Amino acid sequence: MRTLITDISLLHQVEYATDAPRTRVAGADMATVPMLENAWLLTENGLIHSFGTMADMPDMHADETIDATGRMVLPAWCDSHTHTVYAAPRDGEFVDRIKGISYEEIARRGGGILNSARKLNTMSEDELYEQSLERLHKVMAQGTGAIEIKSGYGLCLEGELKMLRVIRRLRESVPIPVKASFLAAHAYPQEYKQNKEAYVDLIINTMLPAVAAEGLADYMDVFCEEGFFGVPETERLLEAGWKYGLKPKIHANQLHYSGGVQTGVKHNALSVDHLECVGDAEIAALMGSSTMPVLLPGAAFFLGIQYQPARRIIDAGLPVCLASDHNPGSCPSGNVPLLLTIACTQLKMTPEEAVNAVTINGAAAMELEREMGSIRPGKRANLILTNKMHSLAYIPYDHGNNPVYRHII
């Protein structure tokens, strides 16, 4: 099957086959998104075949031709941090926060993650799958072409396995890459509040072997934060994950300077995610490492807490990735175009920086940079064909609206 898209107003994130492959974009380079004006693009059997300008377009056969006059084409969004598999919304807690109750206080009262765990553990796997598939289709309609989904609302062996099996079913049901992270270390279950070491032991000695035996996860994740899992517990868990071939992806520094960034770098984490609290020590730790800083400003927006210092991180020469953090408590939206608006208006990222952060850098945060994140011959043809618009900046500018005219997968 060959699909030809012609008369593309702007073709963004292009890489020629002769170019050295970009695996991530960092620092000042994030301000540039390579593009062609008045372009064509040919896909073949689900992969990008070739592209160029209309003035130089050769004669070619195509099974389908799409006229993109006035429209842009971009690589699909790569959303590297979500909790899209969950049992029920938490709109009651949303009202509690409006009334002044903090996220941490809600958690101490048995709400938050524990609330989601109670609901998930009473739901059947089939019902959980159907609800999650509907959410996944919704974000795909908004341009998401690769996604990572975490467990962490089971907090017991069967609940965690249920979530990860649902993620596997989703991977088998949709035509986009779906990565799975094992996040039993998301919170301490109520019955382990007075014996936290026993829960860490349960994860390491019972859950991890079961997850590995079924091949259910790509990554090991831990919520390294005050009131959740401290640095010593996080290190034990990450080391245990490595023994089963699960690379670390860590929740770090959302609410406090928790040491999570330094711990992630020390253990060669693929990414450290959240990063509302970042200072000189965190930036120094990230410098020279391969760990990707992943910012989740949708959660900061929804919780009303401080935003991540994106400018400081980029100006230090580091890469930045953006992800939605789609979850029922702190960010019940997987809308990446809205995420771009928040990044531009609140984190003061330019539209080009924001697009780099959810394409090539988002792919890198899921180890998909060789197949996703840019327009390069041989990569997956997961593409966004936009509504009629004249600039990349129009996507975050037109906030709240879906820029996707057609998502080609």
Side-chain angles (χ1 to χ4, degrees), residues 79-84 86 90 93-94 96-97 101-108 111-117 148-153 155 181 183-188 219-231 233-235 237-238 248-265 267 269-283 285-286 291-310 312-313 318 320-334 339 342-343 346-347 357 365:
D79 192 351
S80 69
H81 183 127
T82 82
H83 306 256
T84 299
Y86 60 85
R90 302 209 305 256
E93 294 176 9
F94 170 64
D96 287 341
R97 288 200 306 276
I101 303 173
S102 72
Y103 181 74
E104 295 162 285
E105 177 60 25
I106 289 169
R108 281 194 291 269
I113 295 163
L114 297 182
N115 184 3
S116 287
E148 179 262 14
I149 306 175
K150 303 178 188 298
S151 69
Y153 295 133
L155 305 185
S181 290
L183 181 59
H186 201 191
Y188 287 101
Y219 306 117
M220 177 76 177
D221 204 337
V222 179
F223 191 9
C224 184
E225 184 58 80
E226 289 185 25
F228 293 86
F229 294 82
V231 169
E233 294 80 14
T234 299
E235 291 194 325
L237 289 158
L238 296 185
K249 284 173 69 75
I250 179 175
H251 287 58
N253 295 48
Q254 180 182 13
L255 306 173
H256 305 91
Y257 289 87
S258 64
V261 171
Q262 294 90 326
T263 302
V265 171
H267 290 272
L270 181 61
S271 67
V272 286
D273 303 18
H274 272 295
L275 309 190
E276 281 84 347
C277 300
V278 170
D280 292 342
E282 287 73 23
I283 287 176
L286 288 164
T291 299
M292 176 69 74
V294 178
L295 312 187
L296 312 174
F301 165 77
F302 196 69
L303 292 176
I305 62 177
Q306 68 182 14
Y307 286 101
Q308 300 85 351
R312 186 175 182 183
I313 297 170
L318 290 166
V320 159
C321 170
L322 292 167
S324 72
D325 195 24
H326 186 198
N327 75 80
S330 62
C331 189
S333 171
L339 171 68
I342 296 171
Q346 306 304 310
L347 276 61

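Since the model is a prediction, treat every value here as computed from it, not as a measurement. If you read the sequence from its start, that first residue is 1, and numbering goes on from there. FYI, side chains are in, hydrogens and waters are out, and symmetry mates aren't considered; it's all heavy atoms of this structure.
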Check side-chain hydrogen bond (donor to acceptor under 3.5 Å, both in side chains) between Ser151 and all other residues, then give those that pass, not counting sequence neighbours. Glu160
Any residue meeting salt bridge (charged side-chain N to carboxylate O under 4.0 Å, His left out) with Asp273, in chain and number order, not counting sequence neighbours: none
For Tyr307, enumerate each residue passing the side-chain contact (heavy atoms from CB on, under 4.5 Å) test, keeping only those at least two apart in sequence or located in another chain. Pro297, Ala300, Phe301, Ile342, Gln346, Leu347
Go through the structure and list residues passing side-chain hydrogen bond (donor to acceptor under 3.5 Å, both in side chains) with Glu105, not counting sequence neighbours. Arg108, Arg109
Taking salt bridge (charged side-chain N to carboxylate O under 4.0 Å, His left out) as the test, write out the residues that go with Arg90, two or more places apart. Glu93
Mind checking what makes side-chain contact (heavy atoms from CB on, under 4.5 Å) contact with Glu233, not counting sequence neighbours? Tyr188, Val200, Phe229
Has the side chain of Thr291 got a donor or acceptor atom that lies under 3.5 Å from a matching backbone atom of Leu270? no
Partners of Glu276 by side-chain hydrogen bond (donor to acceptor under 3.5 Å, both in side chains), sequence neighbours excluded? Gln308
Residues which pass salt bridge (charged side-chain N to carboxylate O under 4.0 Å, His left out) with Lys249, listed by chain and number, not counting sequence neighbours: none
For Ser258, side-chain contact (heavy atoms from CB on, under 4.5 Å) partners two or more places apart: Cys224, Glu225, Asn253
Can you name the ring pair (Phe, Tyr, Trp, His ring centres under 6.0 Å) partners of His81, sequence neighbours left out? His83, His251, His274
side-chain contact (heavy atoms from CB on, under 4.5 Å) between Asp325 and Leu339: does it pass, once the steps are laid out? CA-CA 10 Å; Asp325 195 24; Leu339 171 68; over 6 Å; no
Using side-chain hydrogen bond (donor to acceptor under 3.5 Å, both in side chains) as the criterion, list what pairs up with Glu235, not counting sequence neighbours. Lys266, His267
Residue pair Cys321, Ser80: steps toward the side-chain contact (heavy atoms from CB on, under 4.5 Å) verdict: CA-CA 8 Å; Cys321 170; Ser80 69; 3.5 Å; yes
Would you please name every residue forming a ring pair (Phe, Tyr, Trp, His ring centres under 6.0 Å) with Phe94, sequence neighbours left out? Phe302
